[in-house]
Amino acid sequence: MTVVTISVTEAGAALAQRLPYRHEHGDLGDRVRRLWPEVDGLVLVCATGIAVRVIAPLLGDKHEDPAVVCVDDGGRWAIALAGGHHGANALATEVASLLGAEAVVTTATDSADLPALDMLPGFRCAGDVAAVTRAWLDGSPPTVDASDLPHWPLPAALMSALSVGGPGGAVVVTDRVVPEAAGTVVLQPESLVVGVGSSSGAEAGGIAELLAGALAEAGLSRDAVGLVASVDLKRGEPGIVALAAELGVELRTFPADVLAGQDVPTPSDVVAQAVGTPSVAEAAALVAAGPGAQLVVPKRRSSEATVAIARRRRPEGHLAVVGLGPGDAAFRAPAAAAAVRRAEVVIGYDLYVDLASDLLAPHHEVVRSPIGAEADRCHDALRRAAEGRHVALVCSGDPGVFAMASLVCELAPHHGNPPLTIVPGVTAAHAAAAVLGAPLGHDHAAISLSDLLTPWEVIERRLQAVAEGDMVVSFYNPRSQRRTWQLPRALEFLARHRPPACPAAVVTDVGRTGKEHVLRTTVAELDPTSVGMLSLVVVGSSTTRWIGSRMVTPRGYKAEPESAP
Ligand code: SAH
């Protein structure tokens, strides 16, 4: 997403510089007119009156226009001005959290806590959204017809809203071509999988034509195709690769023996001889579409290719294990924010869900789980992903550092290995190091002092290695209400191997505005009672020193004054 901030005053420029977007300063009108067709979002630091006048002549299709957010010169408000459902609400929320401002979001569904029909993850939306939404806001929810896809999960917020009131408009959940009708919204998931086989060198145009015929005959929508599948042998077949690219979907291939194990209505001995499986198109479509899939178009063939279409019983789920960074949104990667926004279900320990609260919308199902229930949390996330839901499991910092990613990877095979993405985050040690200066400038280690899962002897052996290796060390989980003796033991141990004046520091609540606290001390004098659950302890190596208030471990470059020219 390309976002540009435009400021006109000096105060506005100072605000704009705190935002992670391209920044232009000066004449608002000229710049907005020039950028309008190019960008996805504009953040205008000016009065709403000026912003409205400038964008008014440019407003066109709400699906094409950029999202526009207006911020006052004082940085108190981030107002979603136009394109609310197409990014402005999210952009305003993001800008607000980055500036410590209040997001002003006025789209009716958000204020009524109803899901926006044209924003539901996993569905393309067409039809009379305005009329159906208006009726719903006035207390008449739509009727839902999902008879084509009876097992397809619908967003929880949509289902619960539907159970409360009388019929307003209509929502049809389908992968068929439905004629547009007043008062009707069509939600279309990517439920179709196209299986393709072809002879070498088959033309892409010919395969596309064969597919178009198959779709038309069954009344199915091309937009509902979410995957093209074939046999491994055809992974690089230009015509098939081009078909997937034209449809804008993934091409997934399977070994011939996997396809050979799939029951199909139209097997062929000739194909079995040539490729090692009696079916390519039908078998690939069914295998890729997963358990319970239905063959909606059996094999159709031309002289060069075969296609078949399967319908999934339910969506292919996905689990993103997301690192939210140490605290404020400013230290959260855009990829992490996007993963949470795209999810239907957000799962996490209470405190971590709170770190993502600015990203949550009415369509999200939020599952807050207690601390200590880590395995249950991972099983729950994997189970839901295996059932076809798009899930974000949120962690603080980085999800792979003393967090959930490793357990998820270990447990995934027990849930049929649903598609999995790990989204990295700024880990507490890196955020703390940045606050302190550059203590991790040379080799360093991270050790968790929690002996709940690791026996203390093992921890002590690693401390020994750190001491012998003269490495800087960051202690995660240094102390809790019940684990109080571990930190003094660890410090005592290190103090025996380091000079007493070796720099050490405690950084608490790093990255959390108004809460962050830094204590600069030495390994001999560090007071364990200054350390809490949300503290990170950093102990230097023999080369770490204070330069003013900065804790620095030199890399070894010559740090001499510049010689005079
Ligand atoms: N995945 C996290 C670590 C979770 S373990 C990460 O990558 O940062 C929990 C420990 O991390 C806490 O006991 C504390 O030592 C450290 N920690 C997490 N957030 C912190 C913060 N904002 N400030 C200081 N330490 C933090």
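Along the sequence shown, the residues carry numbers beginning at 1. Indexing begins at 1, ligand by ligand and atom by atom, following the structure's order.
- For atom 10 (C) of ligand 1, the closest non-hydrogen atom of the protein is Asn477 OD1, 3.5 Å.
- No side-chain heavy atom of Val69 sits less than 4.5 Å from a side-chain heavy atom of Leu44.
- Between Arg462 and Glu460 there is no salt bridge, since none of the side-chain N atoms of the basic residue sits less than 4.0 Å from a carboxylate O of the acidic one.
- Here the side chain of Glu250 pairs no donor or acceptor atom with the backbone of Leu227 at under 3.5 angstrom.
- Close approach to Thr427 involves these atoms of ligand 1, each under 4.0 Å from a residue heavy atom: 6 (C), 7 (O), 8 (O).
- Distance from atom 3 (C) of ligand 1 to its nearest protein heavy atom, with residue and atom name: Val401 O, 3.5 Å.
- Cys395 places a side-chain heavy atom less than 4.5 Å from the side chain of Met404.
- Contact atoms of ligand 1 toward Asp398: 1 (N), 6 (C), 7 (O) (distance under 4.0 Å to a heavy atom of the residue).
- His379 has its ring centre no less than 6.0 Å from the ring centre of His414.
- The contact set between ligand 1 and Leu536, taken as ligand atoms under 4.0 Å from a residue heavy atom, comprises 24 (C), 25 (N).
- Protein heavy atom at the shortest distance from atom 4 (C) of ligand 1 is Phe402 O, 3.4 Å.
- The protein heavy-atom contact nearest to atom 17 (N) of ligand 1 is Ala428 CB, 3.5 Å.
- For Arg512, every heavy-atom contact with ligand 1 shorter than 4.0 Å involves the side chain, none the backbone.
- Nearest heavy atoms, Asp398 versus Gly400: OD1-N, 2.6 Å.
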